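Working notes, beginning with the structure itself.
Residue numbers start from 1 in every chain, and the chains themselves are labelled A, B, ... in the order their sequence lines are given, proteins ahead of strands. Below, each value reflects all heavy atoms present in this structure, side chains not excepted, and no hydrogens, waters or symmetry copies. All figures in this text were calculated on a predicted structure; none of them were measured in a lab.
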2 protein chains.
Amino acid sequence: MSRVLVVDDEPQIRRALGINLRARGYDVDLAETGEEGLELAARHHPDVVVLDLGLPGIDGVEVIQGLRGWSQVPVIVLSVREAESDKVAALDAGADDFVTKPFGMDELLARLRAALRRAAPSEEEAVVETPDFTIDLAAKRVVDAAGAEIRLTPTEWHIVEVLVRNGGKLVGQKQLLQEVWGPAYETETNYLRVFMAQVRRKLEPEPGRPRYFFTEPGMGYRFEVAEP
Amino acid sequence: MSRVLVVDDEPQIRRALGINLRARGYDVDLAETGEEGLELAARHHPDVVVLDLGLPGIDGVEVIQGLRGWSQVPVIVLSVREAESDKVAALDAGADDFVTKPFGMDELLARLRAALRRAAPSEEEAVVETPDFTIDLAAKRVVDAAGAEIRLTPTEWHIVEVLVRNGGKLVGQKQLLQEVWGPAYETETNYLRVFMAQVRRKLEPEPGRPRYFFTEPGMGYRFEVAEP
DNA sequence: GATCGAATGACAGGTGCCCGTCAATCGTTG
DNA sequence: CAACGATTGACGGGCACCTGTCATTCGATC
C-alpha cells in the first residue's frame, strides 16, 4: 500500500489523519515540525505528503522547497488561511493541491487518491523470465535466452498474455476462448489446439514435452515457470 | 505556449478567463457545453482543461469520464457547489484539482501553472540518438547523421513523438490513432499506413527495410534502436 | 490385456485481412 | 493563387487465421 507523510503541529489533526489513513490501509508517518517532516521524507520516501502551512519553526512553503530539491513526491497542503496569496505561494513553490481547514475526511481522501493516481503512471514492470525466454507484458514482446526477438502473431500473443497473467493458475478452455476470440467461440476447442501448438513451437525448447505451457486434459491450460 | 480549454456555460466566466489567459500568452479554446468541450478537446488536444461542473446537457463528471477514456490531460474543475460529495465524485472521476466559485484569478492561474508543471515531461534528457538520425523531443527537432535538419510535418512529428516516448514498447494502432488524431479516429488505420510510410521515407535509410520503426502486423508499431 | 471413445496434437490447403504504396482531392496558409 | 499537408480511395502481395482430416495418447471398460 502507499505511504503517507503527515506534517502538522496540531495533535488532534495528526491523530485524526493517522487513524483514518491507517484504517484505509495506508502506511502513515506523522511529523510535528517541518524539520521532522523533511527528515522523515528523506528516510522513508513517502508516496504522498500532507503538509500544514502554518508550522512553528520553518514555514510550510520552505518545507515544499526543501522537498522539491530532490523529490517529485506529490504534496497536498492544509491551511486555515483563506488568503489567496498563501495559496498562490504554496502552489508555485511546488505544491500539488490545496485543502482549506476545516476539511472533510472524504474530500481529503479523494484528493489523496487523485494525487496518488497522478503520480503512479509507473507501468509496473510486468516481465516474466524463464531459462528459455523472457516475456515483457508491457512492451508486448518476447525474447529468447540469447536475446533474439521471438515474433508472435496477434492471436498467439493474446493467448500467451492471458495465460501468463494467470500465471500458475489453470485457465479453462471456455475462458481462454472467450477472452481471445469472444463469447461466441467458447466451443471452438480446435482453435486452442492449433494455436497452443504454434505457441509451443515458438517458445518451448521441446514442443513435444512442454516445460511452461501445460495441458490439463479436459479442462484447459496452465502457464508455469518451474522452480529451480 | 500552452493550450487551455475552458468549458463553462456562463458567458462572463468564459469571457473573463479568455481575456486573462490570452493576456498571459496561453492559447485558449472556449466551449459552452460538455459536448462542445469534448469535441474541441479531441480536435485541439489542449495541455490543460478548465471545466465547470454545472453544465447544461451532459454533466461535468461525464465530461471528465469522456476525456479520461483517451487522454491524460489535467482537468481543473470549477464549481459553485460546496458539497463535499461533488468534489469527491469529480476527483474520483479523474479530475486533478478543484476550485470553488467565486475564485480569484491569481489562484486559478497558480493552479493552472501547477497542473501544467506536473504534466510537463520534466525536461529530462529527451534526446534519442541513432546511427542515422538524432531526435530531440524537447526541441521538437530531428537532424540526420550529417547534422542537417530533417523537417517533419506536425502529424508526422506527433507520430514520431508518441512512438519514441514509448521506445521499445509496442504502441497499439488504436492508441496511436487516439493520441495523434483523437478518439473518433481509432478505426482509421489508413492514416497510420500513409503517415508511417512518410516517416520512414524521411528517417529510415532503407524505407523498405525499417531499422527503427517496426510494424507488428495486426497490432501496431514499435520504435527501437538496435543494440550495437 | 484387448478394445473403444474422448481429447489432444500434427499437418496442409484455401481464403480473407492487413500492410505498403501510389495517386487524386480537399483544406489551409501565406 | 501557389504550396503544402492532410484526407481519402484503390490495388496488389503476403501472411495470419480458419478449417478439415488424420495420428496419437490416455483412461475406462470388459
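Rounded to whole Å, atom C1' of C:dC19 lies 11 Å from atom CG of B:L192. Taking atom CZ of residue B:R151 and atom C1' of nucleotide D:dG5, one finds them 10 Å apart after rounding to whole Å. D:dG5 atom P lies 8 Å from atom CD of B:Q198, rounded to whole Å. At whole-Å resolution of the value, CD in A:E188 and C1' in D:dC18 are 10 Å apart. If you measure from atom CD of B:E204 to atom P of C:dG20, you get 11 Å, rounded to the nearest angstrom. Between the CG atom of B:L176 and the P atom of C:dC19 there is a distance of 12 Å, given to the nearest Å. Between A:E216 atom CD and D:dG27 atom C1' there is a gap of 16 Å when expressed in whole angstrom units. Here D:dC15 presents its C1' atom at 12 Å from CD of A:E156, a figure rounded to the nearest Å.
If you find the closest nucleotide of DNA chain D to A:Y185 and to B:K202, the one lying nearer the 5' end belongs to B:K202. The nearest heavy atom of DNA chain D to A:N190 and to A:T155 marks one nucleotide each, and the one closer to the 5' end goes with A:T155.
Taking the charged nitrogens against the carboxylate oxygens, B:E161 and B:R165 do have a contact shorter than 4.0 Å, which makes a salt bridge. With respect to A:E149 and A:R141, a salt bridge is recorded, a charged nitrogen being found less than 4.0 Å from a carboxylate O. Checked for salt-bridge contact, A:K202 and A:E156 meet the test: a charged N lies under 4.0 Å from a carboxylate O. Using a 4.0 Å cut-off between charged nitrogen and carboxylate oxygen, B:D96 and B:R111 do not count as a salt-bridge pair.
The phosphate of D:dC17 (OP1 or OP2) has a side-chain N or O of A:T153 nearer than 4.0 angstrom. Side-chain nitrogen and oxygen atoms of B:W181 include at least one within less than 4.0 Å of the OP1 or OP2 phosphate oxygen of D:dT7. One finds no side-chain N or O of A:R201 lying less than 4.0 angstrom from the OP1 or OP2 phosphate oxygen of C:dG9. Between B:T189 and the phosphate of C:dC18, there is no side-chain N or O to OP1/OP2 separation shorter than 4.0 Å. Between A:R193 and C:dC11 there is no side-chain N or O to OP1 or OP2 distance below 4.0 Å.
The side chain of B:P154 sits closest to D:dG5 out of D:dG5, C:dT8, D:dT19. When the nucleotides C:dG20, C:dT8, D:dC18 are ranked by their closest atom to the side chain of A:Q173, C:dT8 comes out on top. Looking at the side chain of A:R200, the nearest of the listed nucleotides C:dC22, C:dG9, D:dC17 is C:dG9.
Across all strands, A:F195 comes closer than 4.0 Å only to sugar-phosphate atoms, never to a base (heavy-atom distances).
In this structure, B:H45 and B:H158 have perpendicular ring planes: the angle between them is above 60°, well past the 30° mark.
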